[in-house]
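Here's the structure, in structure tokens; my notes come after.
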Amino acid sequence: MVKTLFILGMFLSSYLHAQDLQKIISDYNVQGSITIYDYNNKKWIFSDKKDANKSTLPASTFKIINSMIGLEEVAVKDENEIINWDGVVRSHEDWNKDCDMKTAYKISNVPFYQEIARRVGRERYKYYLKACNYGNKKIGNKVDYFWLDGSLQISPVNQILFLKDQYEEKLPFSKRTFDIVKSIMINEQNDQYTLYAKTGTSDIEGKDLAWWVGYFKTKDNVYFFATRIWKKTGTEIENFSQLRKDITYSALKQMGFIY
């Protein structure tokens, strides 16, 4: 009985700290929110529920579903097939070379995924966005830019619902596609968890936007997260892009989900 009460107390205490999540964000002097989903307990945890349901462009977090679509449509045969550099010199030096998908995902190579998009085509994107219930499902005028120009929009809640369906493999993709994309999503592995995630950044409409979405798979549970922060363009905040990760780790540690 005492043991049961202790375990129950530990369980409840992890959620008592949810009200402090927004303070973690404000302490870093940025705007935004973190949304967490406790898989086993089917529990949503919000720092700001209103923000969690507000949609913005996905930026490079779209590379998760884009990788799946590209593989399923054989835009590339596997994660190791090379797409040749188009010769256009860009500000990101590591984009100016031939690249495969596993590397393109890691370095967030936009031109690589734009070529994937041109090979897939508008009609197949329409199918997958609808079938996966991904965001507002809008493609806009440019098939190789719609996740970056504001046409496609998605909320933190929708990001997590998509990731949950991907984790459960309930989307219209083959087992092979799920396996490959999950493998390239791995950011970190240790004795406590495996982290699957993707960043995304944008500077649209006078705001610098930074996403980090994914899930921590522990021995006993899975914790999905969607962290989205922003600042006014031109505002100097040291290590702004790193803060989305710092906030996420701080929140999950505060909740007692990781250590």
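Index from 1, following the sequence.
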Beyond-backbone contact of Leu71 with Val181, side-chain heavy atoms, under 4.5 angstrom: yes
Between Trp85 and Trp95, is there shared hydrophobic-cluster membership here, with clusters defined by ILVMFWY side-chain heavy atoms closer than 4.5 Å? no
Does any N or O in the side chain of Asn109 come within less than 3.5 Å of the main-chain N or O of Phe112, such that one atom is a donor and the other an acceptor? yes
For Gly150, is there any backbone N or O sitting under 3.5 Å from a side-chain donor or acceptor partner on Gln153? yes
Under 4.0 Å between a side-chain nitrogen and a carboxylate oxygen: does that hold for Lys245 and Glu188? no
Cationic N near anionic O, under 4.0 Å, Lys170 to Glu168: yes
So, are Asp144 and Lys142 salt-bridged, with charged N and O less than 4.0 Å apart? no
With a 3.5 Å distance limit and no angle check, can you tell me whether Thr233 reaches the backbone of Gly206 through a side-chain donor-acceptor pair? yes
Can you find a side-chain donor-acceptor pair between Glu72 and Thr177 that sits under 3.5 Å? yes
For the residue pair Lys63 / Ser60, report whether a side-chain donor-acceptor contact shorter than 3.5 Å exists. yes
Could you tell me whether the side chain of Leu21 reaches within less than 4.5 Å of the side chain of Met255, counting heavy atoms only? yes
Report, as yes or no, whether the 6.0 Å neighbourhood of atom CG on Asn40 holds more than 12 heavy atoms from other residues, nucleotides or ligands. yes
Find out whether Ile184 and Lys106 are in side-chain contact, i.e. whether some heavy atom of one side chain is under 4.5 Å from a heavy atom of the other. no
Using modelled atom types only, decide if a donor and an acceptor are shared between the side chain of Asp48 and the backbone of Lys50 within a distance under 3.5 Å. yes
Pairwise distance CG(Asp38) to CG(Asn41) - rounded to 0.5 angstrom: 4.0 Å
Give a yes or no answer on whether the side chain of Ser250 reaches the backbone of Asp246 with a donor-acceptor pair at less than 3.5 Å. yes
When rounded to the nearest 0.5 angstrom, what is the spacing between CD in Gln242 and CZ in Arg244? 8.5 Å
How many angstroms lie between OG in Ser202 and CG in Leu57, if you round to the nearest 0.5 Å? 4.0 Å
Can you tell me if Trp211 uses its side chain to pair, donor with acceptor, with the backbone of Lys198 under 3.5 Å? no
Got a donor-acceptor contact below 3.5 angstrom from the Arg122 side chain to the Gly140 backbone? yes
Worked check of salt bridge (Lys or Arg N to Asp or Glu O under 4.0 Å) between Glu81 and Lys102: CA-CA 9 Å; Glu81 181 180 342; Lys102 64 179 185 292; over 6 Å; no
Lys137 NZ: over 12 foreign heavy atoms closer than 6.0 Å: yes
Under the salt bridge (Lys or Arg N to Asp or Glu O under 4.0 Å) criterion, do Asp203 and Lys207 qualify, and how do the steps go? CA-CA 5 Å; Asp203 59 354; Lys207 292 181 180 179; over 6 Å; no
Do Thr61 and Gln159 have side-chain atoms, one donor and one acceptor, less than 3.5 Å apart? yes
Provide the closest heavy-atom pair for Gly121 versus Val143 in the form atom of the first, atom of the second, distance. C-CG2, 3.9 Å
Phe173 CZ to Ser67 OG distance, which is reported to the nearest 0.5 Å: 10.0 Å
Could you check whether any side-chain N or O of Asn187 sits under 3.5 Å from a backbone N or O of Met185, counting only pairs where one atom can act as donor and the other as acceptor? yes
Please tell me if the side chains of Ile229 and Tyr28 come closer than 4.5 Å, counting only heavy atoms from C-beta onward. no
Please determine whether a side-chain nitrogen of the Lys or Arg among Arg90 and Asp86 lies less than 4.0 Å from a carboxylate oxygen of the Asp or Glu. yes
Taking the six-membered ring for Trp, is the centroid-to-centroid distance between Tyr134 and Phe62 below 6.0 Å? yes
Given side chains that start at C-beta, do those of Tyr249 and Leu195 come closer than 4.5 Å, heavy atoms only? yes
Could you label the plane-to-plane angle of the Tyr39 and Tyr37 rings as parallel, tilted or perpendicular, counting under 30° as parallel and over 60° as perpendicular? perpendicular
Do you know the tightest heavy-atom contact between Val120 and Ala75? CG2-CB, 4.1 Å
What class does the angle between the rings of Phe224 and Tyr215 fall in, given that below 30° is parallel, 30 to 60° is tilted and above 60° is perpendicular? tilted
Go through Thr218 and Thr194 one step at a time and tell me if the side chain to side chain contact (heavy atoms under 4.5 Å, CB included) criterion holds. CA-CA 7 Å; Thr218 70; Thr194 301; over 6 Å; no
Taking atom types as modelled and ignoring hydrogens, do the side chains of Asp149 and Ser151 form a donor-acceptor contact shorter than 3.5 angstrom? yes
Basic-acidic side-chain contact under 4.0 Å: Glu73, Arg119: no
Applying the 4.5 Å side-chain criterion to the ILVMFWY set and letting contacts propagate, would Ile180 and Phe162 be lumped into a single cluster? yes
Going through the checks in order, is the side chain to side chain contact (heavy atoms under 4.5 Å, CB included) test met by Ile83 and Asp98? CA-CA 6 Å; Ile83 290 182; Asp98 300 346; over 6 Å; no
If you measure only the distance, is there a donor-acceptor pair under 3.5 Å linking the side chains of Thr35 and Lys49? no
Side-chain donor-acceptor pair under 3.5 Å between Arg228 and Ser33, yes or no? no
Regarding Lys217 and Asn221, do their side chains bring together a donor and an acceptor under 3.5 Å, going by distance alone? no
Is it true that a side-chain atom of Thr235 and a backbone atom of Lys231 form a donor plus acceptor pair closer than 3.5 Å? no
Determine whether Ile34 and Thr248 satisfy the following criterion, side chain to side chain contact (heavy atoms under 4.5 Å, CB included), listing intermediate values before the conclusion. CA-CA 7 Å; Ile34 176 169; Thr248 304; 4.2 Å; yes
Would you say the side chain of Ile204 lies within less than 4.5 Å of the side chain of Leu148, judging by non-hydrogen atoms? no
Using a 6.0 Å cut-off, check whether atom CD of Gln192 has over 12 heavy atoms from anything other than its own residue. yes
For Leu171 and Gln166, what are the C-alpha separation, side-chain angles and deciding distance, and is it a side chain to side chain contact (heavy atoms under 4.5 Å, CB included)? CA-CA 6 Å; Leu171 301 171; Gln166 189 226 28; 4.0 Å; yes
Parallel, tilted or perpendicular: which fits the ring planes of Trp212 and Phe225, with parallel below 30° and perpendicular above 60°? tilted
Under 3.5 Å, is there a donor-acceptor pair between the side chain of Tyr259 and the main chain of Gly256? yes
Could you verify whether a donor N or O on one side chain and an acceptor N or O on the other, from Ser47 and Gln22, lie under 3.5 Å apart? yes
May I ask you to say whether Lys175 pairs ionically with Asp179, meaning some side-chain N is under 4.0 Å from a carboxylate O? yes
Decide if the gap between the ring center of Tyr223 and the ring center of Phe216 is smaller than 6.0 angstrom. no
For Ser108 and Tyr113, which I'm curious about, is there any donor-acceptor pair between the side chains at under 3.5 Å? no
For Ile154 versus Pro58, what's the shortest heavy-atom pair and its separation? CG2-CB, 3.7 Å
Side chain to side chain, Ile186 and Gln189, heavy atoms closer than 4.5 Å: yes
At their closest point, which heavy atom of Ile116 faces which heavy atom of Gly70, and how far apart are they? CG2-CA, 3.8 Å
Less than 4.5 Å apart, side chain to side chain, heavy atoms only: is that true for Asp208 and Thr201? no
Asn66 and side chain to side chain donor-acceptor pair (under 3.5 Å): which single residue from Tyr128, Tyr105, Tyr125 fits? Tyr125
